[in-house]
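Notes for the one structure printed next.
Treat the numbers as computed from the prediction; the structure is a model and nothing was measured. Below, chain A is the first sequence line, B the second, and so on; all start at residue 1. Only heavy atoms go into these numbers, but all of them, side chains included; no hydrogens, no water, no symmetry mates.
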Protein chains: 2
Amino acid sequence: MSDTTVRVEVLSSVFQVRDLAGSEPVLQVLLTRSGDEWSLPGGPIVERETLGSAAVRWLGTRAGLTRVAHLEQLSVFSDPDRVPDERTVASTFLGLVPSDIAAETVSDADWFAVDQLPPLAYDHRDIVDLARHRLAGKLSYTNIAFALAPSQFPMSELAEIYGAALGYAVDSTNLLRVLSRRGVVVATGTVGRTGGKGGRPPALFAFADSRLRVTDEFAALRPPM
Amino acid sequence: MSDTTVRVEVLSSVFQVRDLAGSEPVLQVLLTRSGDEWSLPGGPIVERETLGSAAVRWLGTRAGLTRVAHLEQLSVFSDPDRVPDERTVASTFLGLVPSDIAAETVSDADWFAVDQLPPLAYDHRDIVDLARHRLAGKLSYTNIAFALAPSQFPMSELAEIYGAALGYAVDSTNLLRVLSRRGVVVATGTVGRTGGKGGRPPALFAFADSRLRVTDEFAALRPPM
DNA sequence: GCAAAAGTGTTCGGAATACACCCATGA
DNA sequence: TCATGGGTGTATTCCGAACACTTTTGC
């Protein structure tokens with residue numbers, strides 16, 4: 001059998017929930033400019049690195065981003081014609097950045113609201129859509145929001161983060177009940193400062209784990225007992 | 001940037017629920033012999049094919065298997081030292097074969113119960129474990145069992161298939177309720193033959209779709225309405 | 001006191017499991 | 001008619017959503 005080799009690149013959809021001037025915070029994705037177009041940050045892998053370390057490396061060099069709280073594999077895109085030139089297989093990643101990190105970017109990188117994306121290169125739009133869908137799914141049955149939230153937060157802020165990522169409003173009261181029953185969030189005992197327009201100061205919460213954990217593996221067909 | 005190319009292979013964990021002499025049916029996985037060891041079927045990709053078509057091609061040539069009812073991507077395994085020799089990135093797949101198909105194999109391929117696997121080459125054992133876990137998860141919130149079941153079946157047989165794949169007993173009564181509420185299975189109106197030891201003849205059911213469909217996307221945090 | 005935001009309690013409905021009981025067939 | 005398996009109905013339990021009501025702060 002012939003030892004066919006192909007070009008392998010990594011591409012990352014990195015999300016952050018960011019304040020948009022004068023309105024609710026929205027889910028944004030990090031893009032890099034290449035000529036006229038915008039692309040997902042990434043590039044080819046080198047000899048002795050895994051795909052994951054390649055993704056991290058490219059996020060640092062292409063976009064100036066170093067603090068990714070979570071990174072996981074998505075599908076591989078392998079259509080022979082997905083990019084013109086050389087046959088290139090793309091291994092894609094989902095990355096998340098906490099909302100309180102000032103994710104400074106280099107000059108050729110910027111954040112875009114996921115509902116107002118510019119035209120993207122090649123199949124990168126499909127990759128962003130896949131990543132959004134994966135994120136929405138995992139918010140429901142894992143603790144993945146730890147990677148979108150600050151280390152401490154009032155529940156109303158966490159509800160806004162969920163709302164931005166899911167695309168619909170989430171009730172903070174019930175969110176607390178669901179997440180604390182599952183042991184995902186715990187009260188810190190500390191109290192935050194009241195907001196700009198008055199109101200009762202909020203209790204601060206934190207995620208129990210800072211690594212991905214499945215919290216509701218079986219929606220149906222649970223094992224006995 | 002240098003145009004690094006690497007060797008890309010596909011590896012498939014193909015499962016079938018098969019009768020084991022004189023006992024309950026069990027989940028088995030298809031392996032190929034390479035020298036003394038057993039491996040997952042697969043190999044390098046060629047110029048103009050996707051990873052999926054490469055996986056199908058290798059299943060045919062290495063294992064004589066042509067009728068895979070479902071095939072989906074799992075993770076990419078990219079540790080630089082995962083195989084000695086040349087640096088090889090493995091894109092892995094989960095495949096499923098209906099239980100009533102006589103999945104004939106070539107001489108260097110055979111089926112093994114997942115709980116009694118022989119020593120496997122390289123990291124192939126990790127890949128099988130990942131595939132089992134993915135299958136178990138998807139049985140709970142998708143219709144993926146269509147690819148493990150015959151085209152028509154009594155519910156007791158489907159419960160055995162679920163039981164073999166999940167590793168614990170599943171009640172056929174409640175399985176029918178869950179799957180019919182979700183529109184996953186429908187009654188065919190036909191009736192099967194009674195078993196060897198007498199008993200009432202069973203109604204036959206079928207899956208409504210023969211493509212993967214998510215049936216319970218959000219375990220929690222459902223959208224309003 | 002009043003507005004604003006946080007927190008508590010209650011009710012409701014949906015969905016999955018467990019289990020008792022009835023039905024249809026072969027010997 | 002009896003054993004064997006299939007099918008139906010009911011009760012229980014759990015969990016998440018909705019919403020009203022109370023509490024605590026700033027002005």
*Between B:Ser156 and D:dG6, is there a side-chain N or O to OP1/OP2 distance below 4.0 Å?*
yes
*Looking only at N and O atoms, is any donor in the side chain of B:Asn174 or the base of C:dA18 less than 3.5 Å from an acceptor on the other one?*
yes
_Options C:dG7, C:dC19, D:dA18, nucleotide nearest the side-chain atoms of A:Pro202_ = C:dG7
*Determine whether B:Val97 and B:Leu30 make a side-chain contact, defined as any pair of heavy atoms from C-beta on separated by less than 4.5 Å.*
no
_Donor-acceptor under 3.5 Å (B:Gln28 side chain, B:Val114 main chain)_ = no
*Over how many whole Å does the gap from B:Tyr141 atom OH to C:dA15 atom P extend?*
19 Å
*Can you check the B:Leu176 CG to C:dA18 P distance for me, whole Å?*
16 Å
*asked:* Could you check whether A:Arg132 pairs with A:Asp115 (Lys NZ or Arg NE/NH1/NH2 to Asp/Glu carboxylate O, under 4.0 Å)?
replied: yes
*Between C:dG7, C:dA16, D:dA18, which nucleotide has the shortest distance from any of its atoms to the side chain of A:Ala220?*
C:dA16
*Evaluate the side-chain proximity of A:Val10 to A:Thr92: yes if any heavy-atom separation is below 4.5 Å, no if none is.*
no
_Side-chain heavy-atom pair B:Ser99, B:Glu157 within 4.5 angstrom cut-off_ = yes
_What I'd like to find out is whether the side chain of B:Leu96 reaches to under 4.5 Å of the side chain of B:Val68, using heavy atoms alone._
no
*Which comes earlier along DNA chain D counting from the 5' end, the contact point of B:Ala219 or that of B:Phe205, where each point is its nearest nucleotide?*
B:Phe205
*Starting from P on C:dC12, measure out to CZ on B:Arg222 and report it in whole angstrom.*
20 Å
*Would a distance-only check, ignoring hydrogens and angles, find a side-chain to backbone donor-acceptor pair under 3.5 Å from A:Ser12 to A:Phe93?*
no
_B:Tyr162 OH - C:dT17 C1' separation (whole Å)_ = 16 Å
*Heavy-atom side-chain proximity of B:Phe77 to B:Leu130 below 4.5 angstrom*: yes
Every protein N/O lying under 3.5 Å from an N/O of nucleotides 22-25 of chain C:
{"from": "C:dC23", "atom 1": "O2", "to": "B:Arg200", "atom 2": "NH1", "distance (Å)": "3.1"}

*Between B:Met155 and A:Asp171, which has a closest nucleotide on DNA chain D that is more 5'?*
B:Met155
*asked:* Within residues 177-191 of chain A, which residues have any heavy atom lying less than 4.0 Å from an atom of DNA chain D?
replied: A:Arg177, A:Val178, A:Arg181, A:Arg182
_Holding to side-chain contact (heavy atoms from CB on, under 4.5 Å), I want the full list of residues that pass it with B:Asp108, two or more places apart in sequence or in another chain._
B:Arg33
*For atom CG of A:Leu175 and atom C1' of D:dC15, their distance in whole Å*: 14 Å
*B:Phe218 CZ to D:dG16 P: how many Å, rounded?*
15 Å
*Mind calculating the distance between CG (A:Leu221) and P (D:dC14) to the nearest angstrom?*
19 Å
